[in-house]
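Here's the structure, in structure tokens; my notes come after.
Whatever order the structure lists ligands and atoms in, that order sets their numbers, starting from 1.
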Amino acid sequence: MTSPAARPPTADDGDKNGASASPVPSKQFGSSGDKSKMNEDSAATDQSNASGPRRKRVQERHQARKRGPAQPSVFSRRDRSRSPKNAAGDDSRQRSRSPLRRRSPAPEEQPRQRKRPGGGSRMGIVNPEVMRRRQEEQEQRERAREEEEMRSFRERGVSDVVRQHYNAVPERGREWRKTESKIKGLRSFNNWVKSTLIQKFSPDEEFALRFNDTKDWANDSGGPPPMEDKRLLVLDLGCGKGGDLGKWQLAPQIVDLYVGLDPANISIEQARDRYVSMRSGRGQRGRRPPPSLFHAEFYPKDCFGEWLGDIKIIQDVGIDANAGPGGSLMASRWGGGGFDVVTSMFAIHYAFESEEKTRQMLSNVAGCLKKGGRFIGVCPNSDMITARVSAFHKKRKEREAAKPATTEAPEDGEVQEDDVCEWGNDIYRVRFPGATPEDGVFRPPFGWRYTYFMREAVEEVPEYVVPWEAFRALTEDYNLELQYRKPFLDIWEDEKNDRELGPLSERMGVRNRTTGELNMTEEEKDAVSFYHAFCFYKV
Ligand SMILES: C[S@@+](CC[C@H](N)C(=O)[O-])C[C@H]1O[C@@H](n2cnc3c(N)ncnc32)[C@H](O)[C@@H]1O
């Protein structure tokens with residue numbers, strides 16, 4: 001496939017600075033104690049900005065939350081790598097689906113029916129109408145089974161399509177993305193939103209309190225906690241080509257370890273190359289010198305179809321197979337994973353192919369997070385989808401009411417061209433090939449497939465609606481508590497004047513330095529409004 005990135009593109013995407021194929025350097029956790037900063041020119045404000053916007057961010061982060069008990073130390077080997085509880089020890093969840101199921105056995109394989117005395121004579125007197133009905137029922141059952149087989153086949157196909165697509169996405173240079181791209185405003189904006197999430201929610205509570213002038217820590221400790229010892233362990237589900245590595249390098253609280261997973265193996269190699277290049281110091285442009293760059297590991301992995309506990313680094317950091325429904329209370333109270341942050345940017349919509357995958361994704365997230373850990377991400381906003389779908393049906397009904405009645409009704413399940421719900425503009429398009437709910441409410445919440453197209457970036461790739469309320473309800477089963485959820489353009493309104501995120505937006509080319517306006521066309525704004533960002537806390 002020659003198409004570029006099948007997703008909302010970001011300015012960092014595919015940015016390689018002389019990537020090499022050398023292996024990942026050996027583990028060097030905790031190589032430096034210097035404090036992270038947005039970049040060189042904001043370094044001076046980093047330690048001293050406890051007032052105003054910083055405080056607002058801290059309050060937003062920790063509102064309505066209570067502190068959990070102390071965390072077990074990280075990197076202790078806590079091998080909880082068996083299947084999660086809700087997999088009920090069923091290995092089949094780990095395996096790929098079986099191929100198309102066998103049809104009914106051939107007649108010669110059927111067990112021989114024992115003849116009953118007089119049976120033959122009775123055959124002749126069976127009502128032909130009854131025989132016909134039985135025959136029809138049999139055929140119906142066959143059809144239903146075949147449809148089910150095809151559905152299962154198609155589902156497996158979708159994962160492959162997605163993986164192949166991302167593998168085929170070429171890496172374009174940073175320069176091209178910043179200058180020639182027709183959607184450079186949108187790319188920069190998406191990157192700024194991701195940076196904003198990382199800045200706001202990646203620090204742990206203790207770190208955040210250091211910048212809050214209430215100084216809660218002062219009562220019992222007599223001083224701020226020694227932050228040199230508290231570094232972040234970060235897991236990125238669907239890390240792609242490593243476009244967010246630079247953002248993590250600039251996280252307020254220093255990152256010690258970054259683990260990037262993605263089923264697209266070529267993307268994983270590109271991410272690893274990018275990291276190696278960062279480590280070598282090429283193209284660092286005022287960032288931390290390589291010695292203090294975190295250790296990183298990258299693996300090809302389907303994070304929504306498989307348990308992550310078979311990856312050594314995940315086991316070493318800690319993964320709790322008891323996370324989720326049915327997990328033991330003790331395990332959930334004292335156990336838990338070892339990661340501070342699990343992030344998934346523009347990826348969780350692939351999990352919504354089925355309930356099984358969604359739950360697997362949540363088991364992985366909750367299993368990897370320590371208590372108090374954060375799950376941060378961005379994905380399509382189902383409120384936007386619901387509004388568009390219900391508006392579409394309203395118009396369709398008005399059209400139908402105005403039309404003379406037709407004689408030919410569509411066959412069951414057939415979707416007429418007029419019934420295809422789609423919207424977008426010159427740069428993006430969302431299209432539901434199948435039927436959509438009239439009220440725009442997606443019930444049951446899984447498997448609502450649409451295709452997404454974005455100019456320069458995305459050929460039509462299958463994605464799934466993430467019905468937000470259903471998702472949020474499900475997260476409760478996994479001890480994940482919603483802390484923050486905001487549409488992209490609202491994030492801009494809220495944060496554009498923040499003393500760090502505002503200037504960052506200018507450096508990233510998101511805001512015009514002269515006019516103060518967003519550097520996006522109306523079409524780009526429409527496209528980014530399709531998304532929202534979220535943060536959950538593991539409680
Ligand atoms: C739109 S890209 C986002 C990449 C990166 N997070 C970013 O923001 O630049 C979506 C990514 O999700 C990945 N993805 C798709 N299915 C996945 C799965 N089952 N598990 C983990 N990642 C998946 C794709 O391979 C792709 O790299």
Thr386 (side chain) donor-acceptor with Val441 (main chain) under 3.5 angstrom: no
Is there a polar contact, in the sense of an N or O pair closer than 3.5 Å, between Leu261 and ligand 1? no
Classify the angle between the aromatic ring planes of Phe530 and Trp423 as parallel (below 30°), tilted (30 to 60°) or perpendicular (above 60°). perpendicular
Please state which part of Tyr166 comes within less than 4.0 Å of ligand 1, counting heavy atoms only: side chain, backbone, both or neither. side chain
Positive for side-chain contact (heavy atoms from CB on, under 4.5 Å) with Met361, one of Tyr478, Phe352, Tyr350: Phe352
With sequence neighbours left out, the residues meeting salt bridge (Lys or Arg N to Asp or Glu O under 4.0 Å) with Glu517 are none
Tell me whether Gly305 has any N or O atom under 3.5 angstrom from an N or O of ligand 1. no
Output the list of atoms in ligand 1 that are nearer than 4.0 Å to some heavy atom of Val162, sorted by atom number. 15 (C)
Need the ligand 1 atom indices (1-based, order shown) with element for anything under 4.0 Å from a heavy-atom of Ala347. 12 (O)
Quick check on contacts: which atoms of ligand 1 are under 4.0 angstrom from a heavy atom of Met345? 3 (C), 5 (C), 6 (N), 8 (O)
Note: heavy atom closest to atom 17 (C) of ligand 1, options Ala351, Pro263, Pro300, Ser159, belongs to Pro263
Do any N/O atoms on Leu237 end up under 3.5 angstrom from N/O atoms on ligand 1? no
Is it the case that ligand 1 has an N or O less than 3.5 angstrom from some N or O of Tyr350? no
Taking the non-hydrogen atoms of Cys303, is any one of them nearer than 4.0 angstrom to ligand 1? yes
Qualifying residues under ring pair (Phe, Tyr, Trp, His ring centres under 6.0 Å), relative to Phe304, sequence neighbours excluded: none
Report the part of Lys241 in contact with ligand 1, treating N, CA, C, O as backbone and CB onward as side chain, heavy atoms under 4.0 Å; options are side chain, backbone, both, neither. neither
Do any N/O atoms on Asp236 end up under 3.5 angstrom from N/O atoms on ligand 1? no
